[in-house]
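First up is the structure itself, then whatever we jot down about it.
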Amino acid sequence: MVRTLLKSTFCSVFVLLKVDHTDEQKMAAGFNWFLVLSSVFLCNLVKSFLPAISSFLSKIFQKDADQEMEMRTEIQNMRMELSTISMMDEFARYARLERKINKMTDQLKTLVKSRTAQQSKMKWTVKIVFYILQAALMISIILKYYAEPVTVVPSKWIAPLEKLVAFPSGVAGGVGITCWLVVCNKVVAIGLHAVS
Amino acid sequence: MEVNEESASARTAAQRRAEIRRRKLLMDSEDRMNKIVGFSKADADAVRSAMEPRFHLDLVRNEPWSSSTSSKRLSPHMTETSVSSSKMSERNGSSDAVGEDDVSRVRPRPRGELSGDELTHSPRRGLHKYLSRFDDAIKLRGQLANEKAAQDSGVESEELDSFCLFRLLGSVALAIFVRIFVCQYLSIFAPFLTLELGFMGLNKYFPKVEKKTQTTMLTSALLLSGIPAEVINRSMDTYRRMSDVFFDLCVYFFTFILCHELLMLFDSQMS
């Protein structure tokens with residue numbers, strides 16, 4: 001009796017677990033479309049913030065930012081001083097100061113040029129890294145859902161395009177990963193464009 | 001009296017010399033331009049030698065403007081239409097201004113001139129073509145650079161106009177309606193097609209937004225390859241319309257699937 005009781009308890013627990021596992025599987029399958037949608041949304045969101053990310057990173061890696069500010073303030077001060085000096089009365093001093101200003105302006109221009117080049121380099125690096133990561137994510141999603149559809153609807157609803165929509169899963173009435181990716185990309189792009 | 005006669009003859013001689021100098025300068029300017037452009041001197045000489053009798057015919061009339069017009073004809077930079085128009089105007093001018101003798105002298109000119117002109121037409125045409133294509137390529141490059149600069153500065157050229165927004169909302173509303181009431185009876189794409197036909201009809205009731213034609217690498221390449229701009233514009237317009245329909249389809253399908261999944265979720269939770 002104890003044995004049968006134990007057996008029945010064990011069986012019921014096993015059945016429950018199996019049901020739970022099956023339910024979890026169903027839940028996971030049910031939310032595949034949401035997972036793909038959220039991945040696409042995340043990618044597009046990060047893409048829209050790329051300029052801000054690249055400028056933030058270039059500010060972190062920039063070494064001569066303070067020096068540039070100092071030079072600018074110094075040039076401004078010298079220009080103010082130059083405006084107070086009379087060219088007729090103190091020509092030598094005027095010329096000396098003007099030469100100093102010109103020299104510092106040239107140095108500043110060189111600094112700004114190098115900073116701009118560094119910024120554009122950083123921008124390109126960030127863009128390339130993002131596109132690589134995005135491509136890797138999309139490829140992994142496609143490989144994961146290559147054989148199974150992200151969601152299933154009655155096939156007569158999506159006639160006559162059921163084969164195209166189901167590609168590459170081949171499941172009748174299923175929505176394939178490629179179709180869902182394209183749709184999500186379009187919708188998320190326009191949604192973010194409208195919000196921005 | 002003798003002094004007066006001498007001075008009159010000196011003036012006419014001076015005038016003649018001035019006329020000759022002017023003609024020489026005009027011819028030289030043409031040579032200079034030919035050298036700059038790369039029109040070979042041998043070709044020019046051959047052409048000039050072929051043209052000389054007619055040129056000489058023009059000189060017989062002793063009209064100051066004839067030399068300038070005929071020298072213009074010799075220039076390789078004249079387009080065919082301008083050459084033909086100058087020829088036509090000259091023929092008209094000649095028929096009006098000159099008597100029968102001159103007309104008889106002038107009459108053989110057009111036929112002879114044609115054979116001489118044909119020699120110059122093919123290199124001139126090729127040169128014109130090259131120059132015009134080069135100009136177009138430079139202009140397109142400038143336009144591309146400007147548009148790229150505008151894009152980099154963050155200027156958004158395309159905005160959602162009222163009709164676009166109307167299409168968006170219409171697609172969403174129809175998708176929800178179809179999911180709740182219609183999908184059990186027929187395919188979901190049939191109402192969508194009806195919706196698109198409706199949009200095509202309603203398009204004229206919305207204010208038209210002038211969309212600026214964007215110069216891209218593709219349009220520049222097509223323009224430079226000789227395809228007329230009108231054909232490119234029409235193709236781009238058709239492509240734009242197709243992309244609008246595709247966008248509506250994406251929104252419609254997305255809303256339908258989202259609605260379906262939400263309904264399934266609520267049903268499972270309720271049960």
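Letters A, B, ... mirror the listed sequences (proteins, then strands); counts begin at 1. What you see is a predicted model; the values in this text were computed from it and never measured.
Electrostatic pairing of B:D244 and B:R240 does not count as a salt bridge here, judged by no charged N lying under 4.0 Å from a carboxylate O.
Between B:F189 and B:F253, the two ring planes are parallel [angle under 30°; tilted spans 30° to 60°].
Residues passing the ring-ring contact (aromatic ring centres under 6.0 Å, His included) test with B:F266: none are found, sequence neighbours excluded.
With a 4.5 Å cut-off on non-hydrogen atoms, A:V152 touches chain B through its backbone but not through its side chain. Of the two parts of B:L249, neither the backbone nor the side chain holds a non-hydrogen atom closer than 4.5 Å to a non-hydrogen atom of chain A.
For A:Y145 and A:W180, the distance between ring centers is not under 6.0 angstrom.
Taking chain B as the reference chain and counting heavy-atom pairs below 4.5 Å, the highest number among A:V165, A:V182, A:N185, A:L161 is found for A:L161.
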